[in-house]
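Here the structure is laid out as structure tokens; the discussion comes afterwards.
Each chain gets a letter, A, B and so on, in the order the sequences are listed, and its residues count up from 1.
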Amino acid sequence: GNMQTPHDEL
Amino acid sequence: MNIFRLAGDLSHLLAIILLLIKIWKTRSCAGISGKSQILFAVVYVSRYLDLVTTFISLYNTLMKLVFITSSFATLYLMYVKFKATYDHNHDSFRIEFLLLPCFVLALLINASFTPLEVLWTFSIYLEAVAILPQLFLVSKTGEAESITSHYLFALGSYRALYLLNWIYRYYAEGHYDLIAIFAGAIQTILYCDFFYLYITKVLKGKKLQLPA
């Protein structure tokens, strides 16, 4: 799983 | 971007437009919780601080600007222009009971302990519960105008559509964000009772009126 930043959603 | 995400964003946008139209056309913010609108403004500002640090896409930037601007426009209409119509006696939910626990939770459970990430996480937790003052107001007055009901339905649908988006993204991209999924599920669950009333009453042309 990837808890990713930057967040690409609104 | 997939169809669920796009539909979710458009539903969110529609909700905001419906709310502004309702207030502008009726020259009144009766039945609308200013407390919820304050919380939404806090949500947008704390989440979209990355506007100045990260560029995702033109779409992303524009939508963020629209959400921030429209939430402040709504607050202006409620607390300045049509202040006299604001139902503050019924809008008595104590928002510090939502703000503080969400902030503490964001400090404790986050993807990384940096100011921007903690504020992003705070905004996700706060958004999940930001509608509570509005639902509380509807339950206190026992009814909602039809346009207010449409607003709530569009606003609730947005996160439900995001849940479908996250399921899609998990299978299509292997992408998932447990914090957003958990909060989004809570957010959607909070609307379930309203969804039921909306489908059984408002869509059949009746006013949304709670049983006495």
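- Y44(B) does not touch chain A: none of its heavy atoms, backbone or side chain, sits under 4.5 Å away.
- Using a 4.5 Å cut-off on side-chain heavy atoms (C-beta onward), F103(B) and Y125(B) make no contact.
- In this structure, the side chain of T188(B) engages the main chain of G184(B) through a donor-acceptor pair within 3.5 Å.
- Applying the side chain to side chain contact (heavy atoms under 4.5 Å, CB included) test to L203(B) and every residue at least two apart in sequence or in another chain returns Y198(B), I199(B).
- With rounding to the nearest 0.5 Å, the separation of CD in E127(B) from CZ in F122(B) is 12.0 Å.
- Taking non-hydrogen atoms and a 4.5 Å limit, the residue list of residues 46-75 of chain B in contact with chain A, ordered by number, reads R47(B), Y48(B), D50(B), T54(B), I56(B), Y59(B), N60(B), M63(B), K64(B), F67(B).
- Panel note: side chain Y162(B), backbone L10(A); a donor-acceptor pair is recorded below 3.5 Å.
- With contacts defined as side-chain heavy-atom distances shorter than 4.5 Å, the pair E9(A)/R169(B) qualifies.
- Judged as a side chain to side chain donor-acceptor pair (under 3.5 Å), the pairs with a partner in residues 95-109 of chain B (not counting sequence neighbours) are, in order, R94(B)-E96(B).
- Checking Q134(B) against D91(B) by side-chain atom types alone, no donor-acceptor pair falls below 3.5 Å.
- Residues of residues 5-43 of chain B lying under 4.5 angstrom from chain A, judged on non-hydrogen atoms, are R5(B), D9(B) by number.
- Formation of a donor-acceptor pair under 3.5 Å by the S149(B) side chain with backbone atoms of E145(B) is found in this model.
- Between E117(B) and H7(A), the side chains place a donor N or O and an acceptor N or O closer than 3.5 Å (distance only, hydrogens not considered).
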